[in-house]
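Let me begin by presenting the structure, written as structure tokens, before commenting on it.
Letters go in sequence order (proteins before strands), and every chain restarts at 1.
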Amino acid sequence: MGEFEVHRVRFFGLVPAGVRCLACQPRGARLALARTDGAVEIYNCSANYFQEKVIPGHEARSVEALCWAAGERLFGAGLSGDITEYDLAGLRVARSLPGSGGPIWSMAANSSGTRLAVGCEDGSVKLFQVIPGGIQFERNLDRRKGRILCLSWHPSGTHIAAGSIDIFRVLDVSSGQTVQRVMVNYQVQKVKRECVVWSIAFLSSGTVVTCDSFGRVQFWDWERGTLLESHTVSTSSVLSLAVSEKEDSIIVGTSTGATYQFQLLPVKMGSLEKRWVRTKPFQHHTHDVRAVAHSSTALISGGLDAQLVIRPLMEKVQKKSYDAALRKFTFPHRRLVSCARKARLLLFQFSQHLELWRLGSTDETGEDGEVLPLRRLPEHLVQLKSKGPEHIYCSCVSPCGSWVAYSTASRFHLYRVQHKGDSVSIKKVPKVPKLLLPAYQLQFSADSSSLFVASARGSVHVLQLLEPGGCKHLHTHRPPSESPEAVYLLAVSADGHWLAAAGGDWTIHVYNLKCSKHHCTVPTYSCAVTALAIHPLTNNLVIAYSDQQLFEFSIPEKQYTAWSRTVQSCGLHTVWLERDSPITHITFNPKNPSHILLHDTYMFCVLDKSLPLPDNSALLMNQSTLKQLPETARQRQLHAFKICKKFQPLLFADLLDEKCLVMVERPIMDIKTQLPLPVQQKKFGT
Amino acid sequence: MARRLKAAAAGKRGPPAALLGPPSSEDEADEAPEQVSFGVAKEAAETQRKLVGEAARRHRELLKEKRRRRQELFAEQKKRKLLPEAVLQELAAAPPAGLAELGKPALATAGISCVSVVLGSVPALQGFTSLYLTRSKGNYTAVCLKEQSLTPGLQQQLAKDFINTQLYGPGTNRVQANEFFSLENKKNPVKKAAVQFVDKSWGEYKNSK
């Protein structure tokens, strides 16, 4: 099949930000996640937990609480003291209202989603009404000294439990008065440090559950102010708590990275009296677990080690299938690296800057698996710092390496890169056309003459790049039917004839660039699109979906290709379908038209359409066995999927030329050593 | 002693009681009263009064002195806080527009970092405002300053410090990443090197040499 020289790149110093808040949509399938750098991400639980939307962060924005209200609306609040509503179609902050109570520590919506309660630094609980078009201040509840670190509504909406330092209070919503004040640390008198109530939950039976910095989870009767049960789960703080909708299961997260499940179980078989029992311990994280959520079928936890872990509950899963597998997400589900093939340049996208690197080169050749010495080392050419506090949405480098573009929430920058021998100089293009920002995806054409900008409402702008350094707006492509969602993925054909755009509503539109018209729409599929690419010779659009399905759509014929129909009728191999991470990049080999190269976080695959497809009984990852077989036996066992798992975790893989591959890896340990300090684990004998 | 004083007092009004003898038969004294002459008793009483008076006066003087010293101390402190006289006079004499500019932060709402900037440059704002408030009619305008969303205010900084102390402060038992992740390497049957075996700072010394 081929021998490749692989450029194994490990100098992309990406350190993802830790997970700070999690919120499950009450009657929907979405999970909202907020990171410590202010970024907000939406995962779709029914589309294989695909990260479908990302709102990049902001230097001054810190999100301390996230909640869904009124069905589809997402609100966040942080230490800046503002309550922000996020526009999930436009991926930006829709509006922001100052809370005027100082930094906001917690926020919760009542069960009907009509009111928001906000806990502030000055000790007050403020009520806001959720109205169409924003939120409106309703009133202040009783204010006492001590910052309100956590809040919880009673399911009936009549009372609110607010946790502070050393105490928690229960407030009556209608009168606004504090009806009960309970001291949490009355039992630990000798200890001088204060007990911080990190998280609180109010159950419909009148039980208040608190978790505090002494490592205890306590159950209280709020009316009498008495302690019902106390469980010490850890020596370090218990930081987060989430209750299931049926109120029979609680998940708590601790500072050591351990999470525990509590369940309400009958004391004896068949007895009516029930007790909370600590059932399952999990150690999925290495750093503090500051956010947990409980969906109807899974326990979800997010830690400061930037990992999101989804643990489906066995008793809720119908059959033993991939649905019951543990899912761990560390890396984003989109491309952060772009490659200029001809110039051998890589552009790395960080949250606030870009790095342009030139790959090294070698003169030697070697055998399979050999490491070749470099004649020239990789060079860090340019570091472009984004001006302003906003984080970068998308970036791209042109195939010839002479143009670099990136977009933030309110700015779009285009740069001209001049190569003079070995050195590089970069100049900003002064007058860029005024477009509706932000741009969600940027893609240069194959001949670097135009730039395609994916924008809001399904539109794609075409900008013409002029020498020596200018830009002109040519045309805007819009879908035939109005769509509120933006375009997230773009693919351009090598001959510059076709443009494919996939939007947030999961539809793919194909535009004819020569006559600037809409060409066709790919038949809708029930899952999100994760990668798109157009074959340079046949103009077939290859699509990867988040449920790991692959489709090939012929653009000139406006229908699926025969190969694609064969794949669908045979079905893909179960091992292929049970992969954890989505395919983020598809590319082709011009010299071998039947090859499709794709990769996800843990594997790189060359798909050969001319070979037969494997059925479920065959081994999918058979490269190592094939190497050992003699030639005749090999021919019988060859199938289309040639998978290499040598390079992991993979952020990007591309074909530079017919004999050269580049793989950008990011070892997890390199990330972990740059994270904030973990809690010490005492192990016997060390 | 009471009897003697009574005798002395009674003696003032009439002839010396001592010469008259014991006052009345109601005094059922078993022993004869002391024979003290009037003059002696009077002198004794007067010296006593004088002594008490002196003590009281001294006490009062002491208190006065203390009070005076405290007042002086306060005046001293107040003076130290104020700018030198010359500067104050100059500021007071400055054009009204200038005053209005400086007066704005005093009127603007809290939470805007401009206040801290002004406070830094005018250390005795309290002294200055008292000077300012003595104006009966001032021409000033209250304006809302530009939103300072980029620089976190004092409250936000306090909040961040609180979280940092609670999570990473003393008593939280934190450990370096190298130590934490190398535990497994040490405990494995085949022992491996620590995760970050080489200390990156070694090279720095060499290069600087």
Side-chain angles (χ1 to χ4, degrees), chain A residues 20 36 58-62 64 78-82 96 98 100-105 120-122 147 149 165 191-196 198 213 235-237 239 255-257 286-288 290 304-305 388-389 667-686, chain B residues 108-116 144-203 207:
Chain A
R20 176 64 188 89
T36 48
H58 190 281
E59 218 173 271
R61 186 160 76 213
S62 82
E64 294 288 322
L79 297 182
S80 58
D82 297 324
S96 171
S100 59
I104 296 177
W105 289 100
C120 308
E121 168 88 357
D122 62 357
R147 44 174 65 100
L149 289 165
I165 301 175
V191 183
K192 292 212 183 80
R193 61 193 162 106
E194 54 195 10
C195 179
V196 179
W198 286 112
S213 56
T235 45
S236 52
S237 314
L239 295 171
S255 237
T256 55
T286 49
H287 288 69
D288 309 43
R290 288 200 78 186
L304 290 186
D305 53 0
I668 299 250
M669 203 43 77
D670 288 357
I671 298 178
K672 296 229 168 160
T673 46
Q674 294 189 47
L675 293 172
L677 304 179
V679 172
Q680 188 178 40
Q681 310 263 23
K682 269 277 170 219
K683 290 251 160 63
F684 181 74
T686 54
Chain B
T109 52
I112 298 182
S113 65
C114 195
V115 175
S116 55
C144 192
L145 293 176
K146 200 166 83 156
E147 251 207 68
Q148 299 279 337
S149 52
L150 292 182
T151 52
L154 183 63
Q155 271 189 320
Q156 208 173 339
Q157 197 52 50
L158 285 174
K160 285 194 182 139
D161 290 342
F162 166 74
I163 276 280
N164 272 331
T165 334
Q166 287 300 325
L167 288 179
Y168 299 103
T172 46
N173 204 18
R174 298 275 167 179
V175 77
Q176 288 296 324
N178 190 18
E179 222 181 288
F180 182 78
F181 291 110
S182 305
L183 264 182
E184 277 183 40
N185 289 352
K186 284 197 231 168
K187 290 213 75 170
N188 277 341
V190 179
K191 310 247 182 293
K192 290 191 278 190
V195 166
Q196 276 180 318
F197 182 59
V198 174
D199 191 357
K200 296 237 159 62
S201 60
W202 293 353
N207 284 341

Here the ring pair (Phe, Tyr, Trp, His ring centres under 6.0 Å) pairs for residues 164-186 of chain B, sequence neighbours left out, are none

Atom group of [X] that falls short of 4.5 Å from chain B, counting heavy atoms:
X	value
R147(A)	side chain
S236(A)	neither
I104(A)	neither
D122(A)	neither
L675(A)	neither
V196(A)	side chain
T286(A)	both

Grab the two heavy atoms, one from [X] and one from [Y], that are nearest each other, plus how far apart they are.
X	Y	answer
D288(A)	L167(B)	OD2-CD2, 4.0 Å
G102(A)	Q155(B)	CA-OE1, 3.4 Å
R174(B)	S255(A)	NH2-OG, 3.3 Å

Point-to-point distance, once rounded to the nearest 0.5 Å, from [atom1] of [X] to [atom2] of [Y]:
X	Y	atom1	atom2	result
Q166(B)	L149(A)	CD	CG	8.5 Å
R193(A)	T165(B)	CZ	OG1	13.5 Å
T172(B)	L677(A)	OG1	CG	8.5 Å

Results of salt bridge (Lys or Arg N to Asp or Glu O under 4.0 Å) for R290(A) - residues two or more places apart only:
none

Among the options P678(A), S62(A), P676(A), pick out the one with the most heavy-atom pairs lying under 4.5 Å from chain B.
P678(A)

F162(B) vs W198(A) aromatic rings, parallel, tilted or perpendicular, using cut-offs 30° and 60°?
tilted

Quick check: do Q156(B) and E121(A) have side-chain heavy atoms less than 4.5 Å from each other?
no

